[in-house]
Structures are given as structure tokens and as C-alpha cells.
J.: 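The following block contains the structure, expressed as C-alpha cells.
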Amino acid sequence: MKKVPKTPSWRPVRPFCLSLCGFGFDSSTNEYKVVNGQVYSDINVIVFSVYTLKTDSWRKIECFSPYHAYWFQGIFLNGAIHWSATTVGDRSSSVIVSFLLAEEEVREIRLPPIGDTCLANLGVFRDCLCITLAGIDQTFNEFWVMKEYGVSESWTRMRVSMPYHQLSHFGFSTKSHDLMVCGSSFVMYDFKEESFRNLPIRDTTLGGNGVGVYVEGLFPLIDREQDESRRVDNQVLIKLKHA
């Protein structure tokens, strides 16, 4: 187990009001990265920083992102971490903010036409980015799936036969069913038959934001071979300097 050091406050005079977080694998460098975003409401920006095990330190990304985020926990998919957010300005709108791990850049993804009276909760549905809806005293029977990642025109409406107040997808499915969290209950849903059944899991009080999928992998947290290669290269460089 590795304890990540505390993220520095990049504007200590004005403390941030919300801290975003995300974790994912950067295939371009074969390393895991932890991403933090400090939301400063006084200037309406998010300041991102990245932590890697190789450096064991946080590194500030030198750009201010003019957004205000909803949820602190990011969704990792397609080499990027995603959050629901709103743009800043006179005509603010709801969007998805994505942080690309390889490029360490911030991109914006447009939402489908969901209106202004509800919030978009991010999730993963069958390896695709998806959003479910949430609103005060509202029930819904649909959600949206981005069939082609990054292409706003590929948003597709999906209907469910169970009205919901809060629904979460986190990417786990079988050949016939998808596992979802409806309210505080686990549900196995069959989209072909439009039927569902509850899973009675005891001693579970977590909502959708506290659920994830664990997948074993062959990538170590630290690439020992690359780390050793860098150490040898540094030793050679030191010897050449002293020669």
C-alpha cells in the first residue's frame, strides 16, 4: 500500500472550495497517475496537478481551466478522467471536463440535449461514457450513452423500464445483464427483456459514487525495468561529468 502525499495548495491565500480526484493508467508511459483538481470559486477556475509513483511528488499543470465541477470523483475511460462541470461566463452550460493522462491536457465534451433542469451524473456503460439524470423531485426512465468516444453526435438515448431518482453505471456487465445502482440498491437489468431484479447484498449502504470495478492487471505500479534503466543512465552521466 502506498500513501500519496498531500496535494499542495497552489493558492494558499485563497483556499479552494472543492477538490477533484481521479486515478488512471497512462499507456504512453506505462505508469499510473493520480490527478487532483482544486476548484477556486473566487476566480472560477480549476487548477490541476498530477502525482506519479516514479517521482513521488505532485506536479502542477500550468494552465487554469475555467470550469466549476459538480462531483469530486472522476470517471476513468479511454485514457482520460472525466467530471461533470459547468462553463464559466454569462451563458454557462453543463459539459464534461476530461483530463487526458498522456497529454496532461484538459478537453471539453458536449452533453446531449438533457435540458437545464437536471444534472448529469457520469458513468461507464459497456466501455462507453454515459450519463444518467438527477433532479429535485424528478424521476427519469432514460439515460444517454456516447457510442463513439469524443463524438458528441454519437450520444444515444437508452430507456429503462424502472423509473429512477438516482441511477449509476460503472461498467460491469454479463452477456445478458448490466449491473447498476438504483438509489442504494444493486440491480441486474436485462435490456433485451426490459426486466430487472434486485440483488440483496447485506451490509451495503453505498450509493453509486462508492462503487467501482476491480480488474486484475499485469502492469506494476512502478516499472522496475525502466526505473533501473534510468538509475544506470544517471550513474553513467555522473561518471562522464567527473571524467
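Keep in mind it's a predicted model, so treat the numbers as computed, not measured.
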J.: Walk me through it: do Ser65 and Phe48 pass the test side-chain contact (heavy atoms from CB on, under 4.5 Å)?
T.: CA-CA 8 Å; Ser65 302; Phe48 284 100; 3.7 Å; yes
J.: Under a 4.5 Å cut-off applied to non-hydrogen side-chain atoms, are Leu179 and Leu199 in contact?
T.: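 They are in side-chain contact.
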J.: Under the side-chain contact (heavy atoms from CB on, under 4.5 Å) rule, what do Val34 and Cys21 come out as? Steps first, then yes or no, please.
T.: CA-CA 7 Å; Val34 182; Cys21 68; 5.9 Å; no
J.: Looking at residues at least two apart in the chain, or sitting in another chain, which of them share a side-chain contact (heavy atoms from CB on, under 4.5 Å) with Leu119?
T.: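 Leu119 satisfies side-chain contact (heavy atoms from CB on, under 4.5 Å) with Tyr70 once adjacent residues are dropped.
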J.: Can you measure from CZ (Phe99) to OG (Ser49) and round to the nearest 0.5 angstrom?
T.: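 So the gap between those two atoms works out to 8.5 Å.
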J.: Going by the side-chain hydrogen bond (donor to acceptor under 3.5 Å, both in side chains) test, which pairs reach into residues 169-178, not counting sequence neighbours?
T.: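 Residue pairs passing side-chain hydrogen bond (donor to acceptor under 3.5 Å, both in side chains), neighbours aside: Arg126-Asp178.
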J.: Between Phe125 and Phe191, does the ring centre distance come in under 6.0 Å?
T.: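 Ring-ring flag for Phe125/Phe191: true, centres closer than 6.0 Å.
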J.: Return the set of residues passing ring-ring contact (aromatic ring centres under 6.0 Å, His included) with Tyr51 (not counting sequence neighbours), or none when no residue passes.
T.: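 Tyr51: ring-ring contact (aromatic ring centres under 6.0 Å, His included) contacts with Trp58.
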J.: Is Glu104 salt-bridged to Arg59, going by a charged N under 4.0 Å from an acidic O?
T.: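 Salt bridge: yes.
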J.: In terms of heavy-atom contacts, does NZ of Lys147 have more than 12 from other residues, nucleotides or ligands at under 6.0 Å?
T.: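 For Lys147, atom NZ is not crowded (no more than 12 foreign heavy atoms under 6.0 Å).
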J.: Cluster question for you: counting only ILVMFWY and a side-chain heavy-atom cut-off of under 4.5 Å, with indirect links fine, are Val88 and Ile43 together?
T.: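 Val88 and Ile43: separate clusters.
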J.: Under 3.5 Å, is there a donor-acceptor pair between the side chain of His82 and the main chain of Gly74?
T.: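 Side chain of His82 to backbone of Gly74: no pair is present.
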J.: Does Asn36 reach the main-chain N or O of Leu20 with its side chain, forming a donor-acceptor pair under 3.5 Å?
T.: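 Here the side-chain-to-backbone pair exists.
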J.: When you check the side-chain N and O atoms of Tyr164 and Gln166, is any donor under 3.5 Å from an acceptor?
T.: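 Checked: Tyr164/Gln166 side chains show no N/O donor-acceptor pair below 3.5 Å.
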J.: Do you reckon Met146 sits in the same ILVMFWY cluster as Phe140, going by side-chain contacts under 4.5 Å, direct or chained?
T.: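 Same cluster: Met146 reaches Phe140 through Ile, Leu, Val, Met, Phe, Trp or Tyr contacts under 4.5 Å.
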J.: Any chain of hydrophobic side-chain contacts (each under 4.5 Å) joining Phe72 to Phe76?
T.: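 Yes, because Phe72 and Phe76 connect within a single hydrophobic cluster, where side-chain heavy atoms sit under 4.5 Å apart.
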J.: Roughly how far, to the nearest 0.5 Å, is the CH2 atom of Trp83 from the CD atom of Gln73?
T.: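 One gets 10.5 Å once the value is rounded to the nearest 0.5 Å.
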J.: Between Thr52 and Tyr32, is the side-chain contact (heavy atoms from CB on, under 4.5 Å) condition met? List the steps.
T.: CA-CA 7 Å; Thr52 62; Tyr32 293 91; over 6 Å; no
J.: Please answer whether the main-chain N or O of Ala80 pairs with a side-chain N or O of Asn78 as donor and acceptor at a distance below 3.5 Å.
T.: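 Such a contact is absent between Asn78 side chain and Ala80 backbone.
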J.: If you measure from SG on Cys182 to CG on Leu167, what distance do you get to the nearest 0.5 Å?
T.: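 One finds 5.5 Å between SG of Cys182 and CG of Leu167.
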J.: Do the side chains of Ile96 and Leu111 get nearer than 4.5 Å, heavy atoms only?
T.: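 Contact flag for Leu111/Ile96 side chains = yes.
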J.: Between Met162 and Asn141, is the side-chain contact (heavy atoms from CB on, under 4.5 Å) condition met? List the steps.
T.: CA-CA 6 Å; Met162 52 178 191; Asn141 64 350; over 6 Å; no
J.: Roughly how far apart are Glu108 CD and Thr87 OG1, rounded to 0.5 Å?
T.: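 Between atom CD of Glu108 and atom OG1 of Thr87 there are 6.5 Å.
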J.: Looking at Thr132 and Cys130, would you say the former's side chain and the latter's main chain have a donor-acceptor pair under 3.5 Å?
T.: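 Not at all, since once roles are kept as given, no pair shorter than 3.5 Å links the two residues.
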J.: How many angstroms lie between CD in Gln38 and OG in Ser19, if you round to the nearest 0.5 Å?
T.: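 Those atoms lie 6.0 Å apart.
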J.: Could you work out, with salt bridge (Lys or Arg N to Asp or Glu O under 4.0 Å) as the rule, every residue matching Arg110, not counting sequence neighbours?
T.: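 Counting only residues at least two positions away or on another chain, Arg110 forms a salt bridge (Lys or Arg N to Asp or Glu O under 4.0 Å) with Glu153.
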J.: Are Val35 and Leu100 linked, directly or through other ILVMFWY residues, by side chains that come within less than 4.5 angstrom of each other?
T.: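 Unlinked, Val35 and Leu100 end up in two clusters.
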J.: Quick one: are Trp10 and Tyr40 in side-chain contact, heavy atoms under 4.5 Å?
T.: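 A side-chain contact under 4.5 Å exists here.
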J.: Who are the side-chain hydrogen bond (donor to acceptor under 3.5 Å, both in side chains) partners of Ser161, not counting sequence neighbours?
T.: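 Result, side-chain hydrogen bond (donor to acceptor under 3.5 Å, both in side chains) vs Ser161: Tyr189.
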J.: Any side-chain heavy-atom pair from Val187 and Val181 closer than 4.5 angstrom?
T.: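 With C-beta onward as the side chain, the pair stays apart.
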J.: Is there side-chain contact between Leu53 and Glu31, with heavy atoms separated by less than 4.5 Å?
T.: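 No, every pair of side-chain atoms sits at 4.5 Å or beyond.
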J.: Could you tell me which non-hydrogen atom of Lys54 sits nearest to which non-hydrogen atom of Thr29, and how far apart they are?
T.: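 So the minimum-distance heavy-atom pair works out to NZ-O, 3.5 Å.
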J.: Same hydrophobic cluster for Val151 and Leu129, using side-chain heavy-atom links shorter than 4.5 Å among ILVMFWY?
T.: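 Unlinked, Val151 and Leu129 end up in two clusters.
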J.: How far does OG of Ser185 sit from CG of Asn198, to the nearest 0.5 angstrom?
T.: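 CG of Asn198 is found 5.5 Å from OG of Ser185.
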J.: What pairs with Val124 under side-chain contact (heavy atoms from CB on, under 4.5 Å), at least two apart in sequence or on another chain?
T.: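 For Val124 the side-chain contact (heavy atoms from CB on, under 4.5 Å) partners, ignoring immediate neighbours, are Ile75, Leu77.
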J.: Do Asn121 and Ile131 come within less than 4.5 Å of each other through their side chains, counting heavy atoms only?
T.: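 They are not in contact (no side-chain heavy atoms under 4.5 Å apart), so the answer is no.
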J.: How far apart are the closest heavy atoms of Ile81 and Gly24, and which atoms are they?
T.: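 Distance-wise, the nearest heavy atoms are CD1-N, 4.3 Å.
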